[in-house]
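The structure under discussion appears below in the form of structure tokens.
Computed from heavy atoms alone, side chains included, the values below leave out hydrogens, waters and symmetry copies. For the single chain, residues carry numbers from 1 onward in sequence order. As the structure is a prediction and not an experimental result, all values here were calculated from the model.
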Amino acid sequence: MDKAAQSQIMSAVDDLFDEEVGFLAELTKHPSTRGNEQSAQSFMADALNNRSFDVDRWQIDVADIQGLPGFSPVIGNYEDAVNVVGSHHSRSKGKGSLILNGHIDVVPEGPLDMWDQPPYEPHVDGDWMYGRGVGDMKAGLACNLFALDALRSLGFAPAADVYFQSVVEEECTGNGALACLQRGYKAAAVLIPEPFAEDLITAQVGVIWFQVHLKGLPTHVAYAGDGANAIEAAIPLINALHKLEEKWNGPEHRHGDFAHVHHPLNLNIGKIQGGDWTSSVPAWCVFDVRMGVFPGQDLELARAEIEAVLADAAQDNAFLRNNKPAIVYHGFQAEGYALSEDKSEEAKGSISALETAHEAVTGNRLDHVAITATTDARFFGLYANTPALVYGPRAEAIHGFNERVSLESIRRVTQTTALFIANWCGLESL
């Protein structure tokens, strides 16, 4: 593509940018935490319908996906789990087909009084738009959609099939993306605009979620020595898990892409509950754990080591010695994924197309980085033999208070995405 054509496409993004910012603000107003995504998905389905995509909206059935590689166990039902996919069927049927994937679900907002302004009333201050999910990752969905809009405004469409995916469950299982694969949506490459500051993610960790259930022996606190405090018993078990975390982070265990990353595997005690009464020794405790794993690390072996560490730590507690901790796996059972290990022609070609587009927009070479989080990229890369390129705008305080995304970064990513589509898919007239 010559520079004149590149400039024309970037200008088309500029012409639509106020509309894109307004679209993002409207989308962010939908509080699409897990189980509450339906209104946001209706908004996305309407947007795709209005653009003449073939829209597929369906309720995920666990029975359809639970036997597939990459499935993560869930607690409860999926009656409220809905995916939306918009399909563009090209006339040219070029080889560079593409999935534009993004997740609509957001994490809980936490105490509202710790936000400067209400999390679902997005507002702009300078270069930043604020709101829960505005960065992670509704901005990415807007980038995907308006990149296609910019091409359409010039009278063009991709010359290969493109599937625009708005999925649920990315923040806890990834089963939404898995359901797209089960439904038959496949392409030569995938682009996922997660908010990692306009870098290409070449490796990501995997994640294991589990609960540890502990029993205690209740008694009146006046006779606490006769009981067994289940909440206090959790503390040495948590310490033992942190020792395992340090072991796994040792140089001898590291994946090569993370050789220079400080402490790439992180353990988090995300939630703890226990007890029934302030003056009673607690008879129960449950704590929820998130643990990272490296690409290539066997999840079954990792789980076995976690269980052995907890069993050994429980031996030091007189009550737990005979009342062993129960471990329940739910949510993420996610393998790590390294795009850097994909040597296919599709990977080389799609990465090159993205690098070319990024450099045309920014004037800089595209940085390749490894991240200590997981994304839906693993499903495409590990289970569909499809290179998954994670590249999105700059955001701050994701999962925290006052989450925000840079508007100028959104503009650049939308321009890059439009050029990438033109490079990778080719263009045909409408």
Side-chain angles (χ1 to χ4, degrees), residues 20-21 23-37 40-41 43-44 83-84 100-110 114-124 127-146 165-177 190-201 204-205 207 209 266 268 270 290 292 331-332 334 369 371-379 388-414 417:
E20 181 175 359
V21 171
F23 176 91
L24 175 57
E26 287 299 314
L27 182 58
T28 304
K29 290 178 182 178
H30 295 266
S32 53
T33 51
R34 178 63 197 97
N36 301 301
E37 304 97 338
Q41 289 292 55
F43 183 84
M44 291 303 307
N83 274 351
V84 172
L100 296 170
N101 172 278
H103 66 87
I104 200 75
D105 55 313
V106 304
V107 299
E109 60 276 5
M114 297 186 73
W115 286 76
D116 290 346
Q117 295 194 38
Y120 299 113
E121 296 179 13
H123 67 282
V124 173
D127 182 48
W128 299 97
M129 181 182 287
Y130 291 79
R132 169 56 83 228
V134 69
D136 187 14
M137 66 163 291
K138 292 178 178 178
L141 287 164
C143 291
N144 282 346
L145 189 63
F146 279 81
Q165 299 181 348
S166 178
V167 303
V168 297
E169 284 276 310
E170 190 275 347
E171 296 286 8
C172 51
T173 63
N175 288 342
V190 180
L191 180 67
I192 306 178
E194 289 276 12
F196 292 113
E198 302 173 56
D199 293 330
L200 174 63
I201 306 309
Q204 60 181 54
V205 302
V207 170
W209 275 14
N266 294 310
N268 184 59
R290 177 270 197 201
F332 282 123
V369 301
I371 58 169
T372 57
T374 193
T375 76
D376 280 341
R378 66 187 183 278
F379 291 100
L389 283 58
V390 177
Y391 171 89
R394 177 179 297 279
E396 295 180 354
I398 60 173
H399 291 213
F401 301 118
N402 302 318
E403 178 180 349
R404 64 183 192 172
V405 65
S406 164
L407 297 180
E408 285 306 310
S409 184
I410 291 173
R411 185 197 301 269
R412 290 191 296 271
V413 169
T414 306
T417 303

Residues that Asn101 engages under side-chain hydrogen bond (donor to acceptor under 3.5 Å, both in side chains), provided they are two or more places apart: Gln165
If you measure from CZ on Arg412 to SG on Cys143, what distance do you get to the nearest 0.5 Å? 11.0 Å
With a 4.5 Å heavy-atom cut-off, do Glu171 and Asp136 have their side chains touching? yes
In the structure I gave you, are the side-chain heavy atoms of Val106 and Ser32 within less than 4.5 Å of one another anywhere? yes
So do the side chains of Val168 and His103 get within less than 4.5 Å of each other, counting heavy atoms only? no
Classify the ring geometry of Phe332 against Trp209: parallel below 30°, tilted from 30° to 60°, perpendicular beyond 60°. perpendicular
Locate the shortest heavy-atom distance separating Thr33 from Pro108; write the atom from each residue and the value. CG2-CA, 3.9 Å
Any side-chain heavy-atom pair of Val405 and Ile410 under 4.5 Å: yes
Any donor-acceptor N or O pair under 3.5 Å, side chains His30, Asn36: no
Strictly distance-based, threshold 3.5 Å: is any side-chain N or O of Asn402 a donor or acceptor partner for the main-chain N or O of Asp116? yes
When you measure from the side chain of Glu37 to the backbone of Gly35, do you find a donor-acceptor pair of N or O atoms at a distance under 3.5 Å? yes
Apply side-chain hydrogen bond (donor to acceptor under 3.5 Å, both in side chains) to Thr417 and list each qualifying residue two or more places apart in sequence or on a separate chain. none
Looking at Ser406 and Ser409, would you say the former's side chain and the latter's main chain have a donor-acceptor pair under 3.5 Å? yes
Sequence neighbours left out, what pairs pass salt bridge (Lys or Arg N to Asp or Glu O under 4.0 Å) with at least one residue falling in residues 392-401? Glu396-Arg404
One thing to verify: whether Glu121 and Lys29 come together as a salt bridge, which I'm taking to mean a side-chain N less than 4.0 angstrom from a carboxylate O. no
Within the 4.5 Å heavy-atom criterion, are Leu24 and Val134 side-chain neighbours or not? yes
Give a yes or no answer on whether the side chain of Asp127 reaches the backbone of Glu408 with a donor-acceptor pair at less than 3.5 Å. yes
Within the side chain of Gln41, is there an N or O that forms a donor-acceptor pair under 3.5 Å with the backbone of Ser166? yes
For Leu191 and Tyr391, what are the C-alpha separation, side-chain angles and deciding distance, and is it a side chain to side chain contact (heavy atoms under 4.5 Å, CB included)? CA-CA 7 Å; Leu191 180 67; Tyr391 171 89; 4.2 Å; yes
Are the charged groups of Arg132 and Glu403 less than 4.0 angstrom apart, N to O? yes
What heavy-atom pair brings Gln204 and Thr374 nearest, and what distance separates the two atoms? NE2-OG1, 3.4 Å
Do Asp376 and Val167 have side chains that approach each other closer than 4.5 Å (heavy atoms only, starting at C-beta)? yes
Heavy-atom side-chain contact between Met44 and Leu27 under 4.5 Å: yes
Output yes when Glu169 and Arg34 qualify as a salt bridge under the 4.0 Å nitrogen-oxygen rule, no when they do not. yes
Please confirm whether the backbone N or O of Glu109 pairs with a side-chain atom of Trp115, one donor and one acceptor, at under 3.5 Å? yes
Scanning both residues in full, the closest heavy-atom pair of Pro193 with Met137 reads O-CE, 3.4 Å
Heavy-atom side-chain proximity of Thr375 to Ile201 below 4.5 angstrom: no
Check the orientation of Phe43 and Phe23. Use parallel for under 30°, tilted for 30 to 60°, and perpendicular for over 60°. tilted
